[in-house]
Amino acid sequence: MSRTQEQIAADRGRYEEHQRKGLQNAPKALPGPSAIPAAPIANPIHAETIPGGWYWSTTLKAGDTIRLSQTSGPSALSMIAWSEADTSERLNLPDTVKVQWTTAIAKGRVLFSDMGRVMFSVTEAASSAHDGLVGGSTGASNAAKYAGDTRNTRDNFILVAAKLGLDRRDIPSALTLFAPVRVLDDGTFVWREDLRMAGDYVELRAEMDLIIGLSNCPHPLDPNPDYAPQPVEVIRYRAAAPAADDLCRTATAEAVRGFENNAMQLV
């Protein structure tokens, strides 16, 4: 049954009022972007370089932080994640965007699971040029752009899942870092190359024990006609225990509720 323009306008009005109240309840303003270059990490646990086109997976303990860096040139790094305790709980980008009222993955934001719990805190981010809506490349998207056989994120994540005893149905929507996608007023996705920054990096603090998969393949909206993803550096280190006024844990009402859900799960 089709809806009238009046019904559509009324629904939009209710949504915008709900959004206004949600934003008003945010107790803190988010900070500006992190400085470039990133400060050295004193005691790294592990360092990894993901070559262009390839993938990597690892486990993280709650409190571990990973720094993902574009140290060799532009590339797009897609990420998926599961709870190590129960892989039916996984990264949920639609909820991450919806409950925080923004598509911007920036310093001070958090990444939610499909159980309403916080999987990651974004403790550092030199930009918000990241994509939580479109997702990674597929065989079809690569075939439409590049000559020859090229690796893609969908197939990389299938390999990651298979090694974990999972299959295609267990692969959640992906967050693609260093992919400057924006949404126009008419809903069109556009690539904003001007938002890309040399030396861009993100630091994600694990808020529960996690399994993550990373794929270093060009984003499907990247206009570059050449398949040329550059290596991405990953450094894992142990973060200091969050203080009571930790930015990510207190910046928004939604984050506060998410961490309350985390704490309830531990009881």
Side-chain angles (χ1 to χ4, degrees), residues 32-34 36-38 49-56 66-81 91 93-94 96-98 100 102-107 109 111 122 124-160 171-204 212-234:
S34 303
I36 295 177
T49 297
I50 306 175
W54 290 86
Y55 69 91
W56 184 61
I66 51 171
R67 176 185 289 174
L68 310 165
S69 304
Q70 292 203 318
T71 55
S72 302
S75 194
L77 187 69
S78 296
M79 184 185 78
I80 53 177
L91 181 64
L93 270 303
T96 294
V97 168
K98 179 174 63 178
Q100 294 180 105
T102 180
T103 60
I105 306 299
K107 182 177 180 179
R109 295 296 180 185
L111 306 180
V122 185
E124 299 289 346
S127 80
S128 61
H130 313 297
D131 168 41
L133 299 175
V134 177
S137 60
T138 65
S141 69
N142 275 16
K145 292 175 61 178
Y146 310 115
D149 186 24
T150 55
R151 298 182 67 93
N152 68 84
T153 287
R154 176 64 176 171
D155 288 345
N156 280 348
F157 283 158
I158 290 172
L159 293 173
V160 169
I171 299 173
S173 57
L175 169 65
T176 305
L177 301 166
F178 316 123
V181 174
R182 291 294 183 265
V183 185
L184 300 182
D185 289 343
D186 65 359
T188 303
F189 295 114
V190 295
W191 183 268
R192 290 280 306 276
E193 185 65 30
D194 58 300
L195 298 180
R196 270 189 160 177
M197 302 170 56
D200 200 359
Y201 65 97
V202 176
E203 293 190 9
L204 303 175
I212 66 168
L214 300 168
S215 173
N216 183 10
C217 293
H219 190 276
L221 294 185
D222 188 339
N224 186 351
D226 299 322
Y227 186 90
Q230 300 302 305
V232 174
E233 182 182 76
V234 184

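Note that the coordinates shown come from a computational prediction; the quantities given were computed from them, not determined experimentally.
The side-chain heavy atoms of Ser78 and Phe157, taken from C-beta on, include a pair separated by under 4.5 Å. Side-chain contact check for Thr49 versus Val234: every heavy-atom pair is 4.5 Å or farther apart. Using a 4.5 Å heavy-atom cutoff, the side chains of Ile66 and Ile212 are in contact. In this structure the side chain of Leu221 reaches within 4.5 angstrom of the side chain of Trp191, judged on heavy atoms. In this structure, the side chains of Ile105 and Leu175 come closer than 4.5 Å at one or more pairs of heavy atoms. Two residues are said to be in side-chain contact when any heavy atoms from C-beta on lie closer than 4.5 Å; Cys217 and Tyr227 meet this criterion. Proximity of Pro218 to Pro229: side-chain heavy atoms (C-beta onward) are separated by under 4.5 Å at one or more points. In this structure, the side chains of Thr176 and Leu77 stay at 4.5 Å or more apart for every pair of heavy atoms.
Here Glu193 pairs with Arg196 under the salt bridge (Lys or Arg N to Asp or Glu O under 4.0 Å) rule; sequence neighbours left out. Arg67 meets the salt bridge (Lys or Arg N to Asp or Glu O under 4.0 Å) test with Glu203; sequence neighbours excluded.
Going from atom CE of Met79 over to atom CG of Leu204 covers 5.5 Å, rounded to the nearest 0.5 Å. Distance check: Asp200 CG to Leu177 CG gives 9.0 Å after rounding to the nearest 0.5 Å. If you take CH2 on Trp56 and CD1 on Ile50, they are separated by 6.5 Å, rounding to the nearest 0.5 Å. The line from CG of Asp155 to OH of Tyr55 is 11.0 Å long, rounded to the nearest 0.5 Å. To the nearest 0.5 Å, atom CD1 of residue Ile158 and atom OG of residue Ser215 are 11.0 Å apart. One distance of note links OH of Tyr201 with OG1 of Thr71; it measures 13.5 Å at 0.5 Å rounding.
For the pair Asp186 (side chain) and Thr188 (backbone), a donor-acceptor distance under 3.5 Å is present. Thr102 places a side-chain N or O within 3.5 Å of a backbone atom of Ala104 that can act as its donor or acceptor partner. The backbone N or O of Val232 lies less than 3.5 Å from no partner atom in the side chain of Gln70, so there is not a single donor-acceptor pair. Side-chain atoms of Arg154 never come within 3.5 Å of backbone atoms of Thr138 as a donor-acceptor pair (strictly under, hydrogens ignored). Proximity of a side-chain donor or acceptor of Lys98 to a complementary backbone N or O of Leu93 within less than 3.5 Å is not detected.
With no hydrogens or angles considered, no side-chain donor-acceptor pair links Gln230 and Ser72 at under 3.5 Å. The closest side-chain donor-acceptor pair between Asn216 and Ser75 falls under 3.5 angstrom.
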Inset, instruction - Please test Val183 against Val190 for side chain to side chain contact (heavy atoms under 4.5 Å, CB included), starting from the C-alpha separation and ending with a verdict. - result: CA-CA 6 Å; Val183 185; Val190 295; over 6 Å; no

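For CG of Asp149, the number of neighbouring non-hydrogen atoms (other residues, nucleotides, ligands) closer than 6.0 Å is 12 at most.
Closest of all the heavy-atom pairs between Pro180 and Leu195 is CB-CB, 3.9 Å. Summarising the geometry of Arg151 relative to Asn156, their closest heavy-atom pair is NH2-OD1, 2.9 Å, with the distance given to 0.1 Å. Nearest heavy-atom pair across Ala125 and Lys107 is CB-N, 3.7 Å.
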Give every donor-acceptor pair under 3.5 Å between a side-chain atom in residues 128-137 and any protein atom, sequence neighbours left out.
from   : atom 1 : to     : atom 2 : distance (Å)
Ser128 : OG     : Arg182 : NH2    : 3.3
His130 : ND1    : Phe178 : N      : 2.8
His130 : NE2    : Ser127 : O      : 3.2
Asp131 : OD1    : Leu133 : N      : 2.8
Asp131 : OD1    : Val134 : N      : 3.0
Asp131 : OD2    : Val134 : N      : 3.2
Asp131 : OD2    : Gly135 : N      : 3.1
Asp131 : OD2    : His219 : NE2    : 2.8
Ser137 : OG     : Thr153 : N      : 3.0

